[in-house]
Amino acid sequence: MATIGYFEGTDPLVLTRLVLSGIETLPVSNGYDNHGRYVMHLTRHDNIAAVVGYLHKVMPAAGVPLGPRDFITACRTQGIPLVLIVPREDHETACELLGDVAEWVALVDPSDVFNQLLALAR
């Protein structure tokens with residue numbers, strides 16, 4: 001059975017629909033919110049099909065030493081897709097904020113999150 005890791009704030013109805021579809025969910029933390037397992041400690045043995053969350057969960061505040069590259073690289077190294085929820089009309093701006101690591105993530109409109117995660121988990 002596949003598992004979807006999710007950052008705090010991910011739509012609980014999407015997570016419920018995943019569970020109803022036979023997909024497990026696991027809370028993950030960006031290291032500052034203490035929401036669950038630290039995303040940078042995930043391994044292939046966790047059987048994580050993807051990690052999902054809103055863009056702001058990987059964007060650092062001023063003075064914070066970690067940023068998008070750290071979180072994205074951690075997932076990429078483990079072969080775990082990172083799905084960032086961003087309204088479709090803001091994808092271009094999100095790519096600019098992410099810089100050269102934008103190509104390593106999937107930006108998904110909130111209305112498409114469930115279907116995207118279901119496809120990754122199957």
Side-chain angles (χ1 to χ4, degrees):
M1 178 178 293
T3 301
I4 299 293
Y6 65 93
F7 285 112
E8 181 180 30
T10 302
D11 183 346
L13 292 177
V14 168
L15 299 172
T16 296
R17 289 181 68 199
L18 289 170
V19 170
L20 291 170
S21 299
I23 299 164
E24 295 180 343
T25 60
L26 175 74
V28 295
S29 171
N30 61 9
Y32 291 92
D33 59 14
N34 296 316
H35 176 66
R37 184 148 181 209
Y38 187 34
V39 69
M40 292 175 69
H41 290 169
L42 294 176
T43 70
R44 291 190 176 123
H45 300 299
D46 294 313
N47 195 31
I48 304 291
V51 171
V52 63
Y54 285 92
L55 175 68
H56 73 275
K57 286 296 186 175
V58 300
M59 299 304 295
V64 173
L66 296 177
R69 176 174 296 285
D70 299 298
F71 300 117
I72 293 165
T73 300
C75 286
R76 189 169 186 236
T77 299
Q78 297 302 323
I80 302 169
L82 179 59
V83 176
L84 295 178
I85 305 166
V86 176
R88 187 172 284 106
E89 62 271 14
D90 296 321
H91 281 193
E92 185 176 327
T93 303
C95 284
E96 291 171 11
L97 288 172
L98 290 166
D100 62 342
V101 297
E103 66 188 68
W104 299 345
V105 301
L107 299 179
V108 179
D109 186 77
S111 65
D112 298 328
V113 173
F114 174 74
N115 289 330
Q116 177 77 20
L117 295 175
L118 191 62
L120 288 168
R122 302 270 162 137

Student: Looking only at heavy atoms, which two atoms of A49 and A121 are closest? And how far apart?
Tutor: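 Smallest heavy-atom distance, with atoms named: CB-CA, 3.8 Å.
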Student: Could you tell me which non-hydrogen atom of H91 sits nearest to which non-hydrogen atom of D109, and how far apart they are?
Tutor: NE2-N, 3.9 Å
Student: Please report the interatomic distance CG(L42) to CD1(I80), rounded to the nearest 0.5 Å.
Tutor: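 Reported to 0.5 Å precision, the distance equals 5.0 Å.
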Student: Kindly give the heavy-atom pair with the smallest separation between F7 and V51, and that separation in Å.
Tutor: CE1-CG1, 3.6 Å
Student: Which pair of heavy atoms, one from A2 and one from N47, lies closest together, and at what distance?
Tutor: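 In this case the closest contact between A2 and N47 is CA-ND2, 3.8 Å.
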Student: Show your working on side-chain contact (heavy atoms from CB on, under 4.5 Å) between R17 and L118 and close with a plain yes or no.
Tutor: CA-CA 9 Å; R17 289 181 68 199; L118 191 62; over 6 Å; no
Student: Kindly compute the distance separating CD (E8) from OH (Y32), expressed to the nearest 0.5 Å.
Tutor: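 Answer rounded to 0.5 Å: 15.5 Å.
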Student: Check whether Q78 reaches the backbone of T43 with its side chain - one donor and one acceptor, N or O, closer than 3.5 Å.
Tutor: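 No, the answer is negative, given that no donor and acceptor are paired below the 3.5 Å cut-off.
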Student: For V108 and Q116, which heavy atoms make the closest approach, and how far apart are they?
Tutor: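 Closest heavy-atom pair between V108 and Q116: CG2-CG, 3.8 Å.
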Student: Whether the side chain of S21 engages the backbone of I23 through a donor-acceptor N/O pair (distance < 3.5 Å, no angle test) should be reported.
Tutor: no
Student: To the nearest 0.5 Å, what is the distance between CG on L107 and CG on L82?
Tutor: 9.0 Å
Student: Taking all heavy atoms of Y38 and all of L66, pick out the closest pair and write down the distance.
Tutor: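 What the structure gives for the nearest pair is OH-CD1, 3.3 Å.
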Student: Spell out, as yes or no, whether a donor-acceptor pair under 3.5 Å connects the side chain of H35 to the backbone of N30.
Tutor: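 Checking the backbone N and O of N30 against the side chain of H35, no donor-acceptor pair under 3.5 Å is found.
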Student: Mind checking the CE-CG spacing from M59 to L98? Nearest 0.5 Å is all I need.
Tutor: 5.5 Å
Student: Has the side chain of D46 got a donor or acceptor atom that lies under 3.5 Å from a matching backbone atom of I48?
Tutor: no
Student: Looking at CG of L84 and SG of C95, how far apart are the two atoms once the value is rounded to the nearest 0.5 Å?
Tutor: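 One gets 10.0 Å once the value is rounded to the nearest 0.5 Å.
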